[in-house]
Amino acid sequence: MTLTAPGRTSTGYDLGPAAALSCRACGHRTPLAPEFACPQCFGPLEIAYDFPAITREEIERGPKSIWRYKKLLPVPTTVEDHPNMDPGFTRLIRADRLGAELGIRNLWVKDDTGNPTHSFKDRVVAVALAAARELGFTVLACPSTGNLANATAAAAARAGWDSVVLIPSSLERAKVLMTAVYDTNLLAVEGNYDDVNRLATELAFEQEDWAFVNVNVRPYYAEGSKSLGYEISEQLGWRIPAQTVIPVASGSQLTKIDKAYGELVSLGLVDAADWKIFGAQAAGCSPVSTAFREGTDVVRPQRPDTIARSLAIGNPADGPYVLDTVRRTGGAVTDVTDDEVRDGIRLLARTEGVFAETAGGVTVANAKKLVETGQLDPDADTVLLITGDGLKTLDAIEHQVGPKATVPATSKAVREALGL
Ligand SMILES: *Cc1c(COP(=O)(O)O)cnc(C)c1O
Ligand SMILES: [Zn+2]
């Protein structure tokens, strides 16, 4: 007789449809556990699933959050019984005015600024927290370029967990304050993100009850990004857009959106289709676009120097998988200068009323470049991912925008200032 609850796997964990961990490099399968590296080859582990039958109607009846897709994510069947951030189901907006400027006829913007801490990182952290709870951890931790720090500190606060957040000491002021306010153990580390990430990996081995969301529970965390692919497709009326443009830091998000599209097809939730995935980087941190341009599989680490700090990972863990994905689907990875990033932020704001952080500027500016260079088809349905809120990176545009004039409180002065 077994005493396991329904939904519990043979290992004793209820992680919904997650069946095992599988090595992305050598395919070796291992039981669900708080592991992230293959015991055979040290390659990255990812979740292998045994999906239940599921219908569009069932999903549509679900909550307006990522939990509507819980049967497709590595989270307990009882995930909604515990306090969490319930992110997702953010708006997908038609972007006709931006489309007209870029020369793209059918354009949409996926606006993830609407998440609880104003970036897409709430999705991955919510899944990591749910899995970490089931795996027996008691502390939530992360190394972060900023948005992950916000999301981790907030989710831990809501769950009543202690948290430890490590950031590079040069981070934007808004991102520091938007993390510290949740009363987390925030430590500014002397060094860049890649130094902070190395430190976190070391600590993950020493502190057994700390779930570093993007290190030792990374296989679970990373799957949270699939919710973006599911949502985009559902919001388009259950179809996959021909072209999706995605900002790249570690590269995880890009590969998981492609994975989500593939799952929707194999589960019969959408018709089979061709899609192209495009990656967007900043020139000041462009290890993946450089490898793409040079036609190699080897992603050579760089020392980041860009205003797009949320994308400033010089040694991206999923870089080779990004190259695989864009090459397999017929997409590309490109990069743009910091001035183009600022122009991208302002273009999106002025045409669609969406204020994005620098990563959003990176996406918009790369989309413009991809059309100009003929790599993006202007007649195919296109979705741009806006992954974070402009309030987080005000410093990026503070010298570009401001009042037209300071005037005395008279109507005459207003007319004069406006040239009327
Ligand atoms: C982290 C982040 C990304 C990129 O995520 P990866 O999965 O690491 O590539 C994109 N946009 C924003 C705003 C982010 O914070
Ligand atoms: Zn392996």
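Model, not experiment: these values are computed from the prediction. Remember, it's 1-based here, ligands and their atoms both numbered in the order they're listed.
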Heteroatom test (N, O or S) for Cys38 near the Zn ion (ligand 2), limit 2.8 Å: yes
Pair Asn150-Lys392, side-chain donor/acceptor within less than 3.5 Å: yes
Atom 2 (C) of ligand 1: the protein heavy-atom neighbour that sits closest, reported with distance to 0.1 Å: Lys121 NZ, 2.4 Å
Thr145, portion touching ligand 1 at heavy-atom distance under 4.0 Å: neither
Parallel, tilted or perpendicular, as decided by the 30° and 60° cut-offs, for the rings of Trp275 and Tyr261: perpendicular
Note: Lys175-Glu357 ion pair, threshold 4.0 Å (strictly below): yes
Within-shell test, Ser119 vs ligand 1, heavy atom, strictly < 4.0 Å: no
Apex the Zn ion (ligand 2); atoms Cys41 SG and Cys23 SG; angle rounded to 10 degrees: 100°
Gln253, any N or O under 3.5 Å of ligand 1 N or O: yes
Gly251 N/O under 3.5 Å from ligand 1 N/O: yes
Side-chain ion pair, Asp343 and Arg346, N-O less than 4.0 Å: no
Carboxylate-amine/guanidinium proximity below 4.0 Å for Glu80 and Lys70: yes
Nearest non-hydrogen protein atom, atom 8 (O) of ligand 1: Ser250 OG, 2.7 Å
Parallel, tilted or perpendicular: rings of Tyr49 and Phe51 (30°, 60°): parallel
Mode of Thr387 contact toward ligand 1 - side chain, backbone, both, neither (heavy atoms, under 4.0 Å): both
Identity and distance of the protein heavy atom lying nearest atom 4 (C) of ligand 1: Ala249 CB, 3.6 Å
